[in-house]
Amino acid sequence: MSESIPVTMIAQLSDFNDKTVTIRGWVYNKRSSGKIHFLLVRDGSGVAQCVAVKNQVSPDVFGMFDLLTQESSVAVTGKVHKDDRAPGGYELQIEDMKTVHIAKDYPITPKEHGTEFLMDHRHLWLRSSRQHAILTIRHRIIKAVREFFDNKGFTLVDSPILTPASVEGTSTLFETEYFDLGKAYLTQSGQLYAEAAAMAFGKVYCFGPTFRAEKSKTRRHLTEFWMVEPEVAWADLNDDMDLAEEFIEHVVQTVLRQSAEELKLLERDVTKLQPVKRPFPRLHYDEAVEILKKNGVEFQYGNDLGGTDETIISQQYDRPVMVHHYPAACKAFYMKRDAGRPDLTLSVDVLAPEGYGEIIGGSQREDDYDALVKRLEENNLPRDPFEWYLDLRKYGSVPHSGFGLGIERTVTWICGLDHVRETIPFPRMIYRNTP
RNA sequence: UCCUCGGUAGCUCAAUUGGCAGAGCAAUCGGCUGUUAACCGAUGGGUUGCAGGUUCGAGUCCUGCCCGAGGAGCCA
């Protein structure tokens with residue numbers, strides 16, 4: 001490879017038509033008709049077909065083809081040639097080739113595999129086109145999330161991962177020893193800290209991993225997942241819902257614009273995403289219960305909505321639906337009660353369409369000191385670890401609201417997947433913490 | 001934690017009423033000048049999840065255990 005030959009990523013090949021370039025990557029697949037070899041090389045930016053015709057390249061280079069195995073690493077030099085028969089539209093006519101490493105018996109073949117096998121080889125599975133597309137969309141979603149809040153004057157104030165106590169008092173937490181200070185727990189939400197930050201900055205968000213030690217075993221659960229949690233001072237429940245719908249619209253429409261290629265590879269029906277625009281329907285809990293009853297569900301008023309209940313409600317609409325004013329009995333202690341209906345909270349869940357379920361949970365927070373003390377007692381929560389949280393209601397308490405959006409569930413919905421496990425590079429689930 | 005289903009070659013699966021464990025892909029070797037999960041021919045490849053039991057004979061039936069998948073509850 002002469003120094004004058006440019007090294008390029010496969011995605012940029014079209015800029016080099018009829019020019020000689022070098023690409024570096026991994027063997028995705030190869031085919032041969034004896035005197036003409038086809039080598040598919042991927043480099044993370046795309047896949048390029050490289051062609052070698054006998055008698056047009058040196059015997060050394062032509063013979064190298066036989067040694068190449070799936071996922072061997074190579075540097076290929078050749079002339080870029082526009083050809084509709086090539087995947088991607090451009091192919092490389094091989095002039096020179098260097099093998100960097102020969103892979104032996106790569107386990108993931110271009111044929112079918114089962115979930116367990118693929119999960120055991122997650123570190124290699126990431127190389128396949130489908131996983132590449134999903135994780136690319138995840139990246140775009142996260143970028144759109146940050147962009148949305150950054151452009152609206154929010155400040156990123158991240159919350160601690162090691163915490164002294166439960167945020168909601170209900171979930172089971174991962175526990176660890178913390179030097180001489182006793183037990184510490186992996187956070188299940190950054191919200192309480194975000195509330196403190198909102199009193200300092202006005203509008204904040206935190207974005208990080210959260211942990212749930214519950215033994216949930218469904219396609220919607222991970223034990224470690226990422227959550228973005230905005231918190232806004234002076235915002236009431238309606239402001240919170242306004243923010244949530246604008247936020248989701250921005251994320252979905254941005255991904256539609258930027259990731260058309262990946263969505264196509266995933267065979268996602270984008271006509272299901274295109275209608276995701278404001279305003280979203282808003283349903284009072286009472287109305288949601290009416291819908292369930294009309295659909296023949298024997299629903300006990302006062303209960304939380306179950307997975308199938310959410311599906312029935314979300315299927316009534318072509319965009320996410322916001323269900324608000326859930327009963328206090330099924331919601332967290334920090335949520336403010338409705339003044340006229342103290343059995344209900346100023347809460348909202350956003351349900352994704354097509355039965356993808358809850359992607360956002362939010363609320364207006366209890367801002368009255370005495371009411372919050374009472375809530376802690378009602379929930380049998382220790383007061384000591386929450387003393388700082390109560391301080392926020394002692395020194396200039398204001399109405400404030402926020403919500404949390406689960407990144408993996410959002411990726412699952414936007415990509416149209418049937419399981420969250422493919423939406424995070426290395427999923428952590430009840431029966432898996434490897435690789 | 002509970003309910004349901006599953007575990008056979010490296011991978012995906014088949015095996016009739018309990019009767020010689022098989023196929024495709026992958027691997028190896030050979031053929032093919034435009035392939036698209038290329039194709040054609042040949043070869044090698046097995047502790048049927050583990051431990052017991054019934055039987056002349058168990059992948060198949062029985063008991064226990066292990067592992068996995070889906071769902072419920074709970075949640076994002």
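Chain A is the first sequence line, chain B the second, and so forth, proteins listed ahead of strands; every chain is numbered from 1.
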Flag, side chain of A:Q316 to backbone of A:I312, donor-acceptor distance under 3.5 Å
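Pair found, side chain donor or acceptor close to backbone of A:I312.
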Whether A:T223 side chain and A:R428 backbone form a donor-acceptor pair below 3.5 Å:
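Side chain of A:T223 to backbone of A:R428, a donor-acceptor pair under 3.5 Å: yes, one is there.
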Taking the side chain of [X] as its heavy atoms from C-beta onward, which of [options] lies nearest to it?
X      : options             : result
A:S216 : B:U33, B:C75, B:C74 : B:C74
A:H419 : B:G34, B:C75, B:G70 : B:G70
A:D83  : B:A69, B:C75, B:G34 : B:G34
A:R219 : B:U33, B:G71, B:C74 : B:G71
A:D105 : B:A27, B:C75, B:C67 : B:A27
A:Y431 : B:C32, B:U1, B:G68  : B:G68
A:R421 : B:C75, B:G70, B:U33 : B:G70
A:H221 : B:U33, B:C75, B:G68 : B:C75
A:R212 : B:C11, B:U33, B:A76 : B:A76
A:E91  : B:U33, B:G73, B:G34 : B:G34

Check this for me: does the side-chain of A:R31 come within 3.5 Å of the base of B:C32 through a donor and an acceptor?
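Absent.
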Hey, does the side-chain of A:H113 have a donor or acceptor N/O within less than 3.5 Å of a partner on the base of B:C11?
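In this structure, the two groups form no donor-acceptor pair.
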What does [X] touch in the nucleic acid at a heavy-atom separation under 4.0 angstrom: a base, only the sugar-phosphate, or nothing?
X      : value
A:F117 : sugar-phosphate
A:Q49  : base
A:R432 : nothing
A:S32  : base
A:P107 : nothing
A:T115 : nothing
A:I407 : nothing

Less than 6.0 angstrom from the centroid, inside 45 degrees of the normal: does A:K293 satisfy that with respect to the ring of A:F299?
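The answer is no; the distance or angle limit is not met.
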Measuring centre to centre across the rings, with the benzene-like ring taken for any Trp, is [X] within less than 6.0 Å of [Y]?
X      : Y      : value
A:H81  : A:Y90  : no
A:Y285 : A:H325 : no
A:F403 : A:F247 : yes
A:W388 : A:Y193 : yes

Given [N], is OP1 or OP2 found less than 4.0 Å from the side-chain N or O atoms of [X]?
X      : N     : result
A:K54  : B:U33 : no
A:R85  : B:U33 : no
A:K217 : B:A69 : yes

Take N1-N3 plus N6-O4 or O6-N4 for Watson-Crick, N1-O2 plus O6-N3 for G-U, both under 3.5 Å. Which runs of 3 or more such pairs involve RNA chain B?
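Stem list for RNA chain B: B:1-7 with B:66-72, B:10-13 with B:22-25, B:27-31 with B:39-43, B:49-53 with B:61-65.
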